[in-house]
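Here the structure is laid out as structure tokens; the discussion comes afterwards.
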Amino acid sequence: MDRNSFQQGIKDGIPIGLGYFAVSFTFGIMAVSGGLSVWQAVLISLTNLTSAGQFAGLGIILAGGSYWEMVLTQLIINLRYCLMSFSLAQKLRRDVPWGHRFGVAFGVTDEIFGISAAQKGKVHPSYNYGAMCVAIPGWTLGTLAGAVSGSVLPVFIMSPLSVAIYGMFLAIIIPPSKKNRSVLLVVIAAMLLGTAFAYVPVLKQISSGFAIIIITILVAGAASCIAPVEEENPA
Amino acid sequence: MNHNIYIYILVMAGVTYLIRMLPLVLSRKEITNRTVRSFLFYVPYACLAAMTFPAILTAPAAEGMLVSVTTAAGVAGFLAALIAAWKEKSLITVALVACAAVFITERIMVLAL
């Protein structure tokens with residue numbers, strides 16, 4: 001354990017934990033209003049620690065989708081963690097026991113990856129543990145608070161909260177779209193295809209989980225062939 | 001429901017953890033294939049964009065409110081979030097701006113109709 005890294009991780013993790021609380025609050029509300037128990041909603045957050053994957057997974061649970069649909073959806077939606085883990089694998093100090101990688105892996109989220117990638121030089125796993133010590137309680141307790149209050153909050157509060165998660169998604173994808181034309185085109189194409197899968201006859205028969213998988217593979221695949229990224233990360 | 005909720009949760013958590021863990025534990029070298037790197041780079045943007053739109057338009061679906069009201073609120077929430085995100089506001093700020101736009105639109109339309 002490296003005390004300085006751990007404390008720095010806690011410090012950098014605080015804004016993340018607060019942000020997680022707000023978003024997972026919405027997740028708790030949605031899970032309970034869909035028919036899950038408070039305990040089940042909290043268990044999902046504690047074991048998954050991911051926003052997009054959980055919201056998509058909840059949709060499949062509520063729709064009674066197949067387990068395979070769940071596997072594929074989680075695989076596609078969380079595929080970005082694969083890239084982050086590959087990147088983090090280069091960044092972690094190698095003089096620290098390899099077993100720590102199993103622990104660090106649990107906390108690979110967009111935000112924790114972001115702050116550890118931004119550190120200078122190699123990162124000690126204690127830094128990630130520090131951030132996880134704030135982020136995981138923030139995410140789990142937010143879900144608990146949302147799940148408990150979801151059933152008592154009036155409609156005029158519930159309805160606006162339902163767009164919070166989409167607001168966060170836009171906050172993640174729009175700023176890079178300003179700087180990178182290819183990303184902008186990817187975002188627009190995915191939204192247009194999303195609209196097609198929601199409203200065009202035949203296409204709209206496909207469940208939303210599979211539609212997202214198909215759109216992601218089509219758009220990211222086309223973009224990687226038409227506009228492969230340069231060696232330096234462009235965004 | 002034919003499916004067990006705890007198996008769903010196990011599948012979700014298991015797949016998500018494996019995706020995070022395997023590259024960290026197994027990879028000793030960086031991915032060099034440019035197309036694979038590019039694909040992985042674009043995945044989050046395509047995925048999050050497809051999940052957001054058009055779902056955000058129909059998300060504010062409160063019982064007892066007209067569809068025209070909630071759809072207008074969804075459009076307002078989308079545009080407000082788009083502007084806030086374009087100005088590179090933080091995640092929480094963008095989320096709250098979207099919620100506020102939905103809230104205000106629903107109140108105004110309920111009063112107007």
Side-chain angles (χ1 to χ4, degrees), chain A residues 19 22 40 43-44 47-48 50 52-53 57 61 64 67 70-71 74-75 77-83 85-86 88-90 101-102 104-105 108 155 159-164 166-175 183 186-187 190-191 194-195 198 212 215-216 219-221 223-224 228-229, chain B residues 1-3 5 7-9 11-13 15-17 19-21 23-25 27 30-31 34-35 37-56 59-60 62-64 70 73-74 77 81-82 85-86 88-92 94-95 97-99 102-103 106:
Chain A
Q40 288 164 343
L43 183 66
I44 292 177
T47 55
N48 282 263
T50 173
I61 292 173
Y67 296 129
M70 180 68 91
V71 169
Q74 297 300 316
L75 196 61
I77 289 179
N78 292 330
L79 203 56
R80 65 187 189 282
Y81 294 139
C82 183
L83 179 64
S85 287
F86 270 120
L88 198 57
Q90 316 294 320
R101 298 193 165 216
F102 289 95
V104 169
V108 177
V155 155
S159 186
L161 278 178
S162 61
V163 298
Y166 302 115
M168 289 214 18
F169 290 165
L170 288 170
I172 292 172
I173 62 178
I174 296 301
V183 172
V186 161
V187 166
M191 287 185 172
T195 309
I212 287 165
I215 293 167
T216 303
V219 174
S224 64
V229 291
Chain B
M1 205 190 285
N2 296 323
H3 298 87
I5 176 90
I7 296 180
Y8 276 130
I9 297 176
V11 168
M12 283 172 78
V15 172
T16 306
Y17 182 69
I19 293 168
R20 288 165 161 161
M21 183 270 283
L24 257 175
V25 172
S27 90
E30 208 168 342
I31 312 172
R34 201 172 169 212
T35 309
R37 286 175 58 100
S38 302
F39 179 76
L40 290 172
F41 169 76
Y42 287 120
V43 158
Y45 303 109
C47 184
L48 293 178
M51 284 196 293
T52 301
F53 197 87
I56 190 172
E63 277 177 48
T70 55
L82 210 53
W86 192 263
E88 306 197 18
K89 301 294 178 194
S90 70
L91 301 194
I92 312 170
V94 176
V97 164
C99 294
V102 170
F103 181 80
E106 285 181 348

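Letters A, B, ... mirror the listed sequences (proteins, then strands); counts begin at 1.
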Euclidean distance, A:Met168 CE relative to B:Thr52 OG1, rounded to 0.5 Å: 11.0 Å

Heavy-atom cut-off 4.5 Å, strictly under: side chain, backbone, both or neither for B:Val15 against chain A? side chain

B:Met21 side chain near A:Ser85 side chain, heavy-atom distance below 4.5 Å: no

Between CZ of B:Arg37 and OG of A:Ser224, what distance do you get to the nearest 0.5 Å? 13.0 Å

For B:His3 and A:Gly64 the tightest heavy-atom approach is CE1-O, 3.5 Å

Which of A:Val71, A:Ile61, A:Thr50 passes side-chain contact (heavy atoms from CB on, under 4.5 Å) with B:Met12? Answer is A:Ile61

Under the 3.5 angstrom rule, does the side chain of B:Ser38 hit a backbone N or O of A:Val229 as a donor-acceptor pair? yes

Exactly one of B:Ile56, B:Leu48, B:Val94 clears side-chain contact (heavy atoms from CB on, under 4.5 Å) with A:Phe169, and that residue is B:Leu48

Leading residue by heavy atom contact count with chain A [cutoff under 4.5 Å; candidates B:Thr16, B:Ile7, B:Val11, B:Leu24]: B:Leu24

Which is it for A:Val183 and B:Phe41 under the side-chain contact (heavy atoms from CB on, under 4.5 Å) test, yes or no, and what are the steps along the way? CA-CA 9 Å; A:Val183 172; B:Phe41 169 76; 3.8 Å; yes

Please find the pair of heavy atoms, one from A:Pro160 and one from B:Glu106, that lie closest to each other, and give the distance. CD-OE1, 4.0 Å

Counting C-beta onward and ignoring hydrogens, is there a side-chain heavy-atom pair between B:Cys47 and A:Ile212 closer than 4.5 Å? yes

Distance-only, no hydrogens or angles: does the B:Arg20 side chain make a donor-acceptor pair with backbone N or O of A:Tyr81 under 3.5 Å? no

Interatomic spacing from CD1 in B:Ile5 to CD in A:Gln40 - rounded to 0.5 Å: 4.5 Å

Quick check for you: to the nearest 0.5 Å, what is the distance between B:Tyr42 atom OH and A:Thr216 atom OG1? 14.5 Å

Non-hydrogen atoms of A:Ser159 and B:Pro60 that approach each other most closely: OG-CB, 3.3 Å

Can you give me the closest heavy-atom contact between B:Tyr17 and A:Ala105, atom names plus distance? CE1-CB, 4.1 Å

A:Pro175 to B:Ala85 - nearest heavy-atom pair and separation: CG-O, 3.6 Å

Please rank B:Ile9, B:Val97, B:Leu82 by heavy-atom pairs under 4.5 Å with chain A and give me the top one. B:Ile9

Best-contacting candidate, A:Gly53, A:Gly57, A:Ala198, A:Ala164, against chain B by heavy atom pairs under 4.5 angstrom: A:Ala164

Counting heavy-atom pairs closer than 4.5 Å to chain B, which one of A:Val219, A:Leu170, A:Leu43, A:Val187 comes out on top? A:Leu170

Which one wins on heavy-atom pair count under 4.5 Å against chain B: A:Ala52, A:Ala89, A:Ala223? A:Ala223

Specify the closest pair of heavy atoms between B:Ser90 and A:Ala171, including all atoms of both residues, with the distance to one decimal. O-CB, 4.4 Å

